[in-house]
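Quick note: numbers below take in every heavy atom, side chains included, and nothing from hydrogens, waters or symmetry partners.
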Amino acid sequence: MTVKRVLVTGAGGSPGVNFIQSLKEAPEPIEIVAADCNAHHLQWPPVDRKHLVPPCTHPEYIDALNAIIEMEGINFVHPQPDVEVAILSKHRDRLKARTFFARRSTIEILQDKAIAGALWERAGIRRRPTLVIENEDDLNSAVFHLGYPFWLRASTGAGARGSTLVENMETASHWIGYWRARGCDWQFIAEEYLPGRDYAWQSIWKDGELITSMARERLEYIYPHLAPSGRTGTPIVAATVHDDRINEMGIRCVKAVDARATGIFSVDLRENSAGETVPTEINCGRFFTTSLFFTRAGINMPYLYVKLGFGEELPEVESINPVPAGLLWLRHMDCPTVLIREEKIKCHTPWTTQSIAMSA
């Protein structure tokens, strides 16, 4: 068996640490090396070998990775942040180690939410359009096609980047003006406002075949009060769910973009006001932040993904719902992660209106 020596880039963030921890809990030893452009953040990944590299936009970034690959005997590279997925996918032929990416064109499409939204609209997956916003006329068009309220956000980036709820024209124009004044040249898009439940469907594919997938619902966000939208993308409370609607929609969303999908496809979905499940984006080439949740629940997707990257056969695994529904993942800054079932949560004095009245 080939000794797996994996280089993880962007390793210092929470998503990278979760990915690395999953590999450390694999049923075979995997040698892991971390790379990041922030020396302070490099102290978080639980590995011995750590390398400081330039930002991925630097012209010498690929050369720096190749130097690490040769020095450490690396034979597989995984980038965790979206921006590094884009760079490494584009220059995959220059890397001196294997990767397990989707096609370049697929990753380029899914890096841009406007393009992905248009594809889903043509496929009949989305009923409402995704509109590129460049000026006031475009905002008027958004009001005409979407009505109030609608959702305004950047077409690229993660963590609900540049997002806000728009209930009047003043909010929309001032919101974009604020970011422009700060020197952000993001392209903005307007979309249907989706007020319902928030789901994340994580999946691995090979040549158009779904290898495995699992859905969770985001129940509470980290520091929502610090974001104007009330959404920060990353949950502190999430629950595994078994829902045919989510599984079917996740599969449709991926196949609408790439019928021969390969690699990681992490699909975000929300319910509209009618309770219909609508995709908002796909993070292609990287796992969701909380990939360790599913690992601890019983399906180690990072390990399966690495084995596929080495061309190895996988153990038997369910393609849909491989772990039980109703498992909660609780996490927060400086707090231990907790995997627990809802019915196992204990409080010595469960609060109810009646109990407070009785104690008074």
Side-chain angles (χ1 to χ4, degrees), residues 3-26 29-92 94-99 101 111 154 156-161 182-184 186 222-223 226-227 232-234 236 264 266 283 285-293 295 302-303 305-306 309 331-337:
V3 175
K4 298 176 176 65
R5 293 187 60 81
V6 178
L7 174 63
V8 181
T9 74
S14 178
V17 171
N18 275 271
F19 176 86
I20 289 170
Q21 188 61 48
S22 290
L23 292 191
K24 290 178 73 69
E25 297 182 15
I30 297 176
E31 298 180 13
I32 309 165
V33 176
D36 202 284
C37 63
N38 188 310
H40 296 153
H41 296 181
L42 266 176
Q43 307 317 301
W44 287 317
V47 297
D48 294 327
R49 305 293 295 170
K50 306 175 182 184
H51 293 271
L52 185 66
V53 294
C56 66
T57 53
H58 193 281
E60 296 180 6
Y61 178 67
I62 300 298
D63 291 336
L65 293 188
N66 279 333
I68 296 169
I69 288 168
E70 292 188 348
M71 181 190 313
E72 299 283 2
I74 300 297
N75 46 22
F76 187 87
V77 177
H78 170 69
Q80 185 56 44
D82 274 334
V83 63
E84 302 208 12
V85 170
I87 297 294
L88 267 64
S89 171
K90 181 178 179 180
H91 298 288
R92 64 182 71 182
R94 290 179 55 197
L95 286 172
K96 296 181 179 180
R98 70 185 77 200
T99 58
F101 281 135
Q111 288 272 323
T156 60
R161 186 190 205 189
R182 296 191 64 186
C184 297
W186 305 334
I222 188 168
Y223 299 131
L226 299 182
T232 54
T234 298
I236 58 172
I264 308 162
S266 300
N283 302 127
R286 62 130 171 134
F287 289 103
F288 284 125
T289 297
T290 54
S291 59
L292 186 60
F293 177 12
T295 296
Y303 173 59
Y305 151 79
V306 169
R331 56 191 286 272
H332 211 303
M333 186 176 294
D334 296 333
C335 298
T337 55

Quiz item: Got a donor-acceptor contact below 3.5 angstrom from the Q80 side chain to the F287 backbone?
Solution: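 Yes; judged by distance alone, with no hydrogens or angles, the pair exists.
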
Quiz prompt | Short side-chain to backbone donor-acceptor contact, S22 and N18, under 3.5 Å | solution =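 Pair found, side chain donor or acceptor close to backbone of N18.
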
Enumerate, atom names and distances included, each donor-acceptor pair closer than 3.5 Å involving a side-chain atom of residues 55-64, sequence neighbours excluded.
residue: H58; atom: ND1; partner: E60; partner atom: N; Å: 2.9
residue: Y61; atom: OH; partner: E84; partner atom: OE1; Å: 2.6
residue: D63; atom: OD1; partner: R94; partner atom: NH2; Å: 3.2

I'd like to check the side-chain hydrogen bond (donor to acceptor under 3.5 Å, both in side chains) partners of [X]; sequence neighbours left out, ordered by chain and number.
X: E25; value: Q21, R296
X: T290; value: R216
X: R98; value: none

Just jot down the side chain to side chain contact (heavy atoms under 4.5 Å, CB included) partners of [X], sequence neighbours excluded, or say none.
X: T156; value: R161
X: D82; value: Q111, A158, N283, R286
X: A26; value: I30, N300, Y303

What are the two closest non-hydrogen atoms of [X] and [Y], and how far apart are they?
X: I264; Y: H78; value: CD1-CE1, 3.9 Å
X: A11; Y: A34; value: CB-CB, 3.6 Å
X: N75; Y: A97; value: C-CB, 3.9 Å
X: P302; Y: T295; value: CD-OG1, 4.0 Å
X: F76; Y: T99; value: CE1-C, 3.9 Å

Are [X] and [Y] close enough that some pair of their side-chain heavy atoms sits under 4.5 Å apart?
X: V6; Y: V33; value: no
X: L65; Y: T9; value: yes
X: P79; Y: F101; value: yes
X: I236; Y: Y223; value: no
X: P46; Y: V17; value: yes
X: V77; Y: V8; value: no

State which residues pass ring pair (Phe, Tyr, Trp, His ring centres under 6.0 Å) with [X]; sequence neighbours excluded, sorted by chain then number.
X: H41; answer: W44
X: F288; answer: none
X: H91; answer: none

Rounded to the nearest 0.5 Å, what's the gap from [atom1] on [X] to [atom2] on [Y]? Could you check?
X: L42; Y: D36; atom1: CG; atom2: CG; value: 5.0 Å
X: N66; Y: I74; atom1: CG; atom2: CD1; value: 11.5 Å
X: H51; Y: C37; atom1: NE2; atom2: SG; value: 15.0 Å

Exercise. Could you tell me whether the side chains of R331 and T234 share a donor-acceptor contact shorter than 3.5 Å?
Key: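 Judged by distance alone, the side chains do not pair up.
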
Practice problem: Kindly state each residue pair satisfying salt bridge (Lys or Arg N to Asp or Glu O under 4.0 Å) with at least one member in residues 41-50, sequence neighbours excluded. | Solution: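 Found R49-E72.
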
Self-check item: K90: salt bridge (charged side-chain N to carboxylate O under 4.0 Å, His left out) partners, not counting sequence neighbours
Solution: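 So K90 forms no salt bridge (charged side-chain N to carboxylate O under 4.0 Å, His left out) with any residue.
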
